[in-house]
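To keep things clear, I will list the structure first and then write my remarks on it.
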Protein chains: 2
Amino acid sequence: MPHSASRTWTISELAEEFSVTARALRFYEDKGLLNPARHGQTRVFSATDRARLRLILRGKRVGFSLEEIREMLDLESITKGSPQHLGVWMKRFRARIEVLKQQRRDIEDAIEELEAGCAWMEARQADLEPSEELKSRARAFEALARARLEH
Amino acid sequence: MPHSASRTWTISELAEEFSVTARALRFYEDKGLLNPARHGQTRVFSATDRARLRLILRGKRVGFSLEEIREMLDLESITKGSPQHLGVWMKRFRARIEVLKQQRRDIEDAIEELEAGCAWMEARQADLEPSEELKSRARAFEALARARLEH
DNA sequence: CATAACGCTTACGTTAACGTCAAGTAACAA
DNA sequence: TTGTTACTTGACGTTAACGTAAGCGTTATG
């Protein structure tokens, strides 16, 4: 048993580490996403709880609702289910994968546009000796900006 | 002037095309994201309005709030602003780019996990002649599943 | 020993993004 | 004329994900 496996955290330690509030952690417990041990009535978070929290927050970042995250975190019910039950989960997973891939495309497009926008602003702001490369990116942005509202 | 430039849409045509409700479109107008023309008191959407709607929905998919989208759609106020104003926008853009890149990483991780999960379920479900590749992906998922709750 | 500092529960408040009526108008069909 | 359909403007309801505040117990510190 390595040291990290036996280490525990208080609610505010975890809250600070992951930049969330203690209220949020209690809320996640309320909703069944976390299940920290208790010492008296004080919550004691294990390394496992901490790992679950990491997954919860990542899930949130990619657009899962807390309810969806709760279901997915419950590996037991997935692995122990009947073959039919398994089929339901596979459908859900596949559908979600498609959504995520679309999201990734959207994000890549958005990044491109924002970067072109930055380049354009840099060119504007400098207005002194704009490099050829900057001017080219700026032209790209202007083209994008026009294209955005046409077709 | 191509034909598509003069074509117009009713609120329910657009709503159906983009799988949103008419209520949502009115809401977007209320919030200043859309500005369709009127024929009498009936809304008439142009190709430009339609393009804006496409941008709005993509913005939503990548996590922008309607208020943020409204600001970004207002190119005028960005391009016409003072150099200082421009600086503010550049900061916002850059910050948002970082968020988007993190989001992309999260999404890629999530896709991997979900795909591994699918492979694992397939192997379980078949239980007959599981191919070497499937078995390998299944093992990968089991490793992932364990790793998820450790460390 | 008092007064922070930290934790707990209970409960009501808040915001975004619409949903869901209600009540009315304008266009067209039978 | 009378439906029927599509559109309009309010106005209030809803859900998720917490925020915020009240009130109370426990531990550490000057």
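In what follows, every chain begins at residue 1, and chains take the letters A, B, ... in the order their sequences are listed. Side-chain atoms are counted along with the backbone in the values below, which use heavy atoms only and exclude waters and symmetry mates.
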Parallel, tilted or perpendicular: ring planes of A:H85 versus A:W89, cut at 30 and 60 degrees: tilted

B:R58 side chain reached by A:E113 side chain, heavy atoms, under 4.5 Å: yes

Separation of D:dC18 C1' from A:R70 CZ (nearest whole Å): 18 Å

Interatomic distance, B:Q41 CD vs D:dA6 P [rounded to whole Å]: 17 Å

Results of side-chain contact (heavy atoms from CB on, under 4.5 Å) for B:D74 - residues two or more places apart only: B:E76, B:S77

Partner of B:E115 by salt bridge (charged side-chain N to carboxylate O under 4.0 Å, His left out), out of A:R94, A:K101, A:R96: A:K101

Contacts of type ring pair (Phe, Tyr, Trp, His ring centres under 6.0 Å), residue A:Y28, not counting sequence neighbours: none

N/O (side chain, B:S12) to phosphate O (OP1/OP2, D:dC7) under 4.0 Å: yes

Those residues that, when tested against A:E112, pass side-chain contact (heavy atoms from CB on, under 4.5 Å) (two or more places apart): none

For atom CG of A:L53 and atom C1' of D:dC18, their distance in whole Å: 15 Å

ring-ring contact (aromatic ring centres under 6.0 Å, His included): pairs with one or both residues in residues 103-126 of chain A, sequence neighbours excluded: A:W120-A:F141

Test item: A:K60 and A:L66 side chains (from C-beta on) under 4.5 Å apart, heavy atoms: yes

Positions of residues 23-40 of chain A (non-hydrogen atom under 4.0 Å from DNA chain C), listed by number: A:R23, A:R26, A:R38

Boundaries of the DNA chain C segment in contact with chain A, non-hydrogen, under 4.0 Å: C:dC6 to C:dA11

